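Report on one structure; see the data block that follows.
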Amino acid sequence: MLALQGDVEEHLAVLQRLECEPAAVKTAAAVRECDGLVIPGGESTTIGKLMERFELTPAIEELHTQGKPIFGTCAGLILLAKEIVGSDQFRLGFLDAQVARNAYGRQVDSFETTLSVRGIEGDPVRAVFIRAPVIERVWGECEVLAEFGERPVLVRQGNLLGGAFHPELVGETRVHQLMLDMAR
Ligand code: GLN
């Protein structure tokens with residue numbers, strides 16, 4: 001669990017309910033010890049600046065090239081994306097996706113809904129959107145696992161999982177389980 005800024009505790013609470021040993025990490029050495037990484041929601045510019053300041057990018061790139069699962073929610077998704085509309089802010093740029101920050105518009109700035117997610121059986125997945133990014137388009141190997149309206153809101157590309165919403169704020173564990181299932 002990347003613990004630079006954002007809703008780290010809520011993610012840890014979900015991970016503690018699953019079969020894994022979550023740890024809050026904020027140094028390159030600690031990142032290198034991980035079998036996977038969750039990048040939380042928060043403020044993508046702040047998390048990005050801290051990633052640069054603490055020189056975490058090479059360590060996160062190593063996890064990625066080793067095929068370890070990386071799950072970004074909201075700000076975390078923005079940091080994973082290759083393209084961010086109208087912004088040159090820092091990003092990891094692993095995911096074949098274009099996102100637009102805060103693009104759900106004022107009326108629906110924050111909202112809760114349920115989603116049907118490919119690969120998750122049973123009840124619909126509860127999802128909270130908070131000043132969420134819109135996934136404008138995906139390409140290459142990036143596949144859409146869930147949509148809200150016409151737009152992708154959960155995508156997967158190999159070992160990468162990106163969600164525009166927060167499953168962790170409503171006690172939803174199945175999206176994190178999906179990430180754990182991606183571990184080789
Ligand atoms: N609006 C934030 C950003 O652009 C993301 C919001 C969130 O993570 N809930 O970074």
Side-chain angles (χ1 to χ4, degrees), residues 1-15 22 24-26 31 36-54 56-57 60 63-64 69-115 117 124-138 142 144-149 151-157 160-176 178-179:
M1 184 68 230
L2 190 68
L4 300 174
Q5 189 266 339
D7 72 326
V8 174
E9 292 304 319
E10 289 81 356
H11 278 281
L12 285 172
V14 172
L15 291 167
V25 295
K26 48 177 114 186
V31 167
L37 190 70
V38 178
I39 306 174
E43 187 56 44
S44 57
T45 48
T46 305
I47 299 175
K49 278 185 193 146
L50 293 170
M51 271 181 188
E52 284 190 290
R53 187 178 310 162
F54 298 128
L56 300 187
T57 312
I60 300 174
L63 293 187
H64 177 44
I70 302 178
F71 177 26
T73 57
C74 207
L77 161 71
I78 296 166
L79 285 156
L80 287 179
K82 284 200 172 135
E83 293 183 10
I84 307 169
V85 174
S87 173
D88 61 1
Q89 70 188 81
F90 172 83
R91 77 222 46 188
L92 295 163
F94 300 153
L95 193 64
D96 292 340
Q98 183 190 58
V99 299
R101 294 176 64 196
N102 305 321
Y104 275 97
R106 240 179 219 190
Q107 297 289 327
V108 287
D109 206 339
S110 297
F111 58 99
E112 185 173 339
T113 188
T114 54
L115 303 169
V117 176
V125 169
R126 292 175 65 202
V128 180
F129 291 74
I130 302 170
R131 302 188 67 235
V134 164
I135 301 176
E136 295 282 0
R137 61 189 188 92
V138 298
C142 188
V144 177
L145 300 184
E147 287 168 340
F148 176 70
R151 285 163 159 158
V153 290
L154 184 68
V155 297
R156 177 179 179 177
Q157 182 177 335
L160 306 170
L161 189 64
F165 58 92
H166 297 268
E168 74 286 359
L169 295 182
V170 282
E172 174 64 66
T173 58
R174 292 171 295 169
V175 186
H176 291 73
L178 207 61
M179 175 207 174

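All ligand and atom numbering here is 1-based and tracks the order in the structure. All values reported here derive from a predicted model rather than from experimental measurement.
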Next on the checklist: Checking contacts here: is it the side chain or the backbone of Glu43 that comes within 4.0 Å of ligand 1, counting heavy atoms only? Could be both or neither.
Outcome noted: both
Item to check | Minimal non-hydrogen separation, Leu4 against Leu50, with atom names | outcome: O-CD1, 3.6 Å
Next on the checklist: On a heavy-atom basis, which atom in Val8 and which in Ala3 lie closest, and how many Å separate them?
Outcome noted: CG2-CA, 3.7 Å
Item to check | Ile78 neighbourhood, listing ligand 1 atoms whose heavy-atom distance to it stays under 4.0 Å | outcome: 3 (C), 4 (O), 10 (O)
Next on the checklist: I'd like to check whether Gly41 has a polar contact with ligand 1, where a contact means an N/O of the residue lying under 3.5 Å from an N/O of the ligand.
Outcome noted: no
Checklist entry - With respect to atom 7 (C) of ligand 1, which of Ser44, Gly6, Cys74 exhibits the smallest heavy-atom separation? => result Cys74
Item to check | Closest protein heavy atom to atom 4 (O) of ligand 1, given as residue, atom name and distance to 0.1 Å | outcome: Arg101 NE, 2.7 Å
Item to check | Non-hydrogen side-chain atoms of Leu178 and Phe71 separated by less than 4.5 Å | outcome: no
Item to check | Numbered atoms of ligand 1 (with element) below 4.0 Å of Asn102, judged on heavy atoms | outcome: 1 (N), 2 (C), 4 (O)
Next on the checklist: Consider side chain to side chain contact (heavy atoms under 4.5 Å, CB included). Of Arg91, Lys49, Arg101, which one does Ser44 pass it with?
Outcome noted: Arg101
Next on the checklist: Which option wins on minimum heavy-atom distance to atom 5 (C) of ligand 1: Pro40, Gly42, Pro133?
Outcome noted: Gly42
Checklist entry - Counting only N and O atoms by type, is there a donor-acceptor contact under 3.5 Å from the side chain of Gln5 to the main-chain atoms of Gly42? => result no
Item to check | Parallel, tilted or perpendicular: rings of Phe165 and Phe129 (30°, 60°) | outcome: tilted
